[in-house]
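Beneath this line is the structure, given in structure tokens, with notes to follow.
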Amino acid sequence: MQTGMHTDTERCVRAVRSKDARFDGWFFTAVLTTGIYCRPSCPAVPPKPGNMTFHPSAAACQQAGFRACKRCRPDTSPGSPEWNVRADLTARAMRLIADGVVDREGVPGLAARLGYSTRQVERQLLAELGAGPLALARAQRAQTARLLIETTPLPMADIAFAAGFASIRTFNDTVREVYALSPSELRTRVPKARPADTTAVGTTAAGTLLLRLPFRAPLNPDNLFGHLAATAVPGVEEWREGAYRRTLRLPYGHGIVALTPNPDHIACRLTLGDPRDLTVAISRCRRLLDLDADPVAVDDQLRADPLLAPLVDKAPGRRVPRTVDEAEFAVRAVLGQQVSTAAARTHAARLVAAHGEPVEDPGGGLTHLFPSTGALAAVDPETLAMPRTRRTTFTTLVAHLADGSVNLGVECDWAETRARLLALPGFGPWTADVIAMRALGDPDAFLPTDLGIRRAAGELGLPSTPAALTARASAWRPWRAYAVQYLWATDSHPINFLPV
């Protein structure tokens with residue numbers, strides 16, 4: 001079992017006294033004298049150390065009877081980086097809970113996806129996070145409810161339903177218990193004074209929300225948004241008016257999101273066909289942009305290598321561009337084997353036009369959802385304009401994705417999934433590792449055979465052969481996927497720069 005930062009009282013006290021925003025989401029401070037809990041960077045005068053207790057999650061604070069601070073809004077902190085770094089049971093469970101699995105399938109569904117008994121999952125989460133899966137999902141529902149209460153004119157009954165509550169009574173009781181205000185009181189407070197770091201910033205047309213997605217500074221948007229824009233599949237993705245836009249396939253329907261980088265947040269314009277998809281959509285957008293990363297921890301370790309240090313110092317805070325749909329990314333990785341970025345986009349665009357599900361986008365040029373694995377499994381291989389060996393790779397992959405024999409979901413075991421991918425025809429280390437990095441979210445995935453990486457390594461004086469580079473990169477673990485971003489940045493490829 002992992003030991004969280006909340007167990008290191010001295011370190012937590014130092015973070016609270018210095019109001020260090022880098023630790024927001026790592027732990028939460030419960031104040032015994034007031035009965036509230038805060039994020040470490042709360043602007044209020046820090047309480048005396050003897051009056052503070054520390055918890056690993058907002059749910060644990062709520063379980064212990066503490067209410068969320070109205071000033072620092074701890075439930076809007078960036079998520080803990082632990083759940084993106086680790087691949088153990090707790091981390092996989094937390095990623096599934098963030099993706100709304102408990103709300104849709106219950107705790108038995110969560111346990112089944114993880115391959116453990118319900119009792120084992122509950123015991124592990126309670127031991128490490130101070131709260132079981134139901135309490136963790138409840139805290140997430142409360143946050144979603146407040147987001148909708150404060151930013152939409154939806155009736156409270158509709159909000160309760162959209163946030164995943166089973167009844168109006170449960171909705172009312174939970175909001176009152178967590179925030180010490182009734183739902184109607186939360187709504188009436190909004191016009192008077194909204195805290196500067198609030199997540200939500202308003203609404204526009206029906207079904208559209210304007211949100212602020214927080215992150216730990218620094219964040220360098222060039223490679224992040226540059227990569228997404230340069231590889232965008234026409235009809236599914238686009239760069240328009242300073243924002244990356246794309247369609248989303250969600251559990252209850254579809255959505256369209258526009259993400260715009262800002263100095264202290266990512267502006268998110270989200271249009272949903274079904275409001276029940278709000279929590280999942282936010283979770284997937286945060287995952288796409290790697291917003292729960294701890295860039296200071298990453299950069300400090302990479303900077304210890306004197307040959308990497310100049311790259312880190314030049315543009316700190318690089319993130320790993322990920323995905324909102326793991327199966328989609330795997331298919332696109334196969335389409336991009338041994339071809340240019342432009343050719344890969346063309347192949348993907350043809351599939352989208354022929355087999356994607358049409359959507360309406362009144363404000364832009366998005367036309368389709370990326371085809372489902374079921375639709376792709378039914379494609380006639382002879383219609384694919386690619387070499388026969390790659391057709392075999394493509395059809396084998398989509399068949400395994402469609403029947404579930406290869407699972408790329410947030411609950412999967414990274415090492416096991418990589419091994420299964422390597423067993424498929426046409427899958428070499430580069431394809432398996434780029435899927436591990438971008439789709440599975442493994443922060444330690446590494447691409448020593450990538451030509452761009454080898455060229456950058458040679459220019460910096462690093463070993464350029466895959467075996468020697470892998471040996472040198474052992475000092476960068478567990479952040480080798482971030483080292484890849486810094487090495488790629490030495491190239492003048494357009495994926496490294498924001499479009500103009």
Determine whether a donor-acceptor pair (N or O, by modelled atom type, separation under 3.5 Å) exists between the side chain of Asp277 and the backbone of Val280.
no
With rounding to the nearest 0.5 angstrom, report the CE to OG distance, Met94 to Ser57.
6.5 Å
Is the positively charged end of Arg141 above the ring of Phe165, judged by distance under 6.0 angstrom from the centroid and angle within 45° of the axis?
yes
Separation of Arg455 CZ from Leu460 CG (nearest 0.5 Å)
12.0 Å
Could you check whether any side-chain N or O of Ser474 sits under 3.5 Å from a backbone N or O of Ala471, counting only pairs where one atom can act as donor and the other as acceptor?
yes
Could you note down all residue pairs passing salt bridge (charged side-chain N to carboxylate O under 4.0 Å, His left out) where residues 388-406 supplies at least one of them, sequence neighbours left out?
Glu382-Arg388, Glu382-Arg391
Nearest 0.5 Å, what's the CG-OG1 distance between Leu422 and Thr431?
9.0 Å
If you measure only the distance, is there a donor-acceptor pair under 3.5 Å linking the side chains of Trp430 and Asp450?
yes
Has the side chain of Arg318 got a donor or acceptor atom that lies under 3.5 Å from a matching backbone atom of Leu224?
no
Could you give me the CA-CA distance, side-chain angles and deciding distance for Asp305 and Trp476, then say whether side-chain hydrogen bond (donor to acceptor under 3.5 Å, both in side chains) is met?
CA-CA 8 Å; Asp305 188 316; Trp476 307 340; 2.9 Å; yes
Hey, does the side chain of Arg92 reach the backbone of Glu411 with a donor-acceptor pair shorter than 3.5 angstrom?
yes
We want to know whether Thr279 and Gln140 form a side-chain donor-acceptor pair, criterion being a heavy-atom distance below 3.5 angstrom.
no
Are the side chain of Thr208 and the backbone N or O of Thr271 linked by a donor-acceptor pair below 3.5 Å?
no
Between Asp290 and Val320 (side chain of the first, backbone of the second, donor and acceptor by atom type, cut-off under 3.5 Å), is there such a pair?
yes
Do NZ/NE/NH1/NH2 and the carboxylate oxygens of Arg216 and Asp24 come within less than 4.0 Å?
no
Donor-acceptor pair, side chain of Arg249 and main chain of Asp325, under 3.5 angstrom:
no
Donor-acceptor pairs under 3.5 angstrom involving side-chain atoms of residues 435-442: please list them, not counting sequence neighbours.
residue, atom, partner, partner atom, Å
Arg438, NE, Pro321, O, 2.2
Arg438, NH1, His227, NE2, 3.2
Arg438, NH2, Arg322, O, 3.4
Asp442, OD1, Asp444, N, 2.9

Are any of the side-chain nitrogens in Arg212 or Asp264 under 4.0 Å away from the carboxylate oxygens of its partner?
yes
Residue set satisfying side chain to side chain contact (heavy atoms under 4.5 Å, CB included) with Pro74, at least two apart, ordered chain then number -> Phe28, Tyr37, Arg39, Ala68, Cys69, Cys72
Could you tell me whether the side chain of Glu237 and the main chain of Val233 form a donor-acceptor pair under 3.5 Å?
yes
Is the side chain of Arg95 donor-acceptor paired with the backbone N or O of Val410 at a distance under 3.5 Å, no angle test?
yes
Using a strict cut-off of less than 4.0 Å between a Lys/Arg side-chain nitrogen and an Asp/Glu carboxylate oxygen, indicate whether Arg284 and Glu326 qualify as a salt bridge.
no
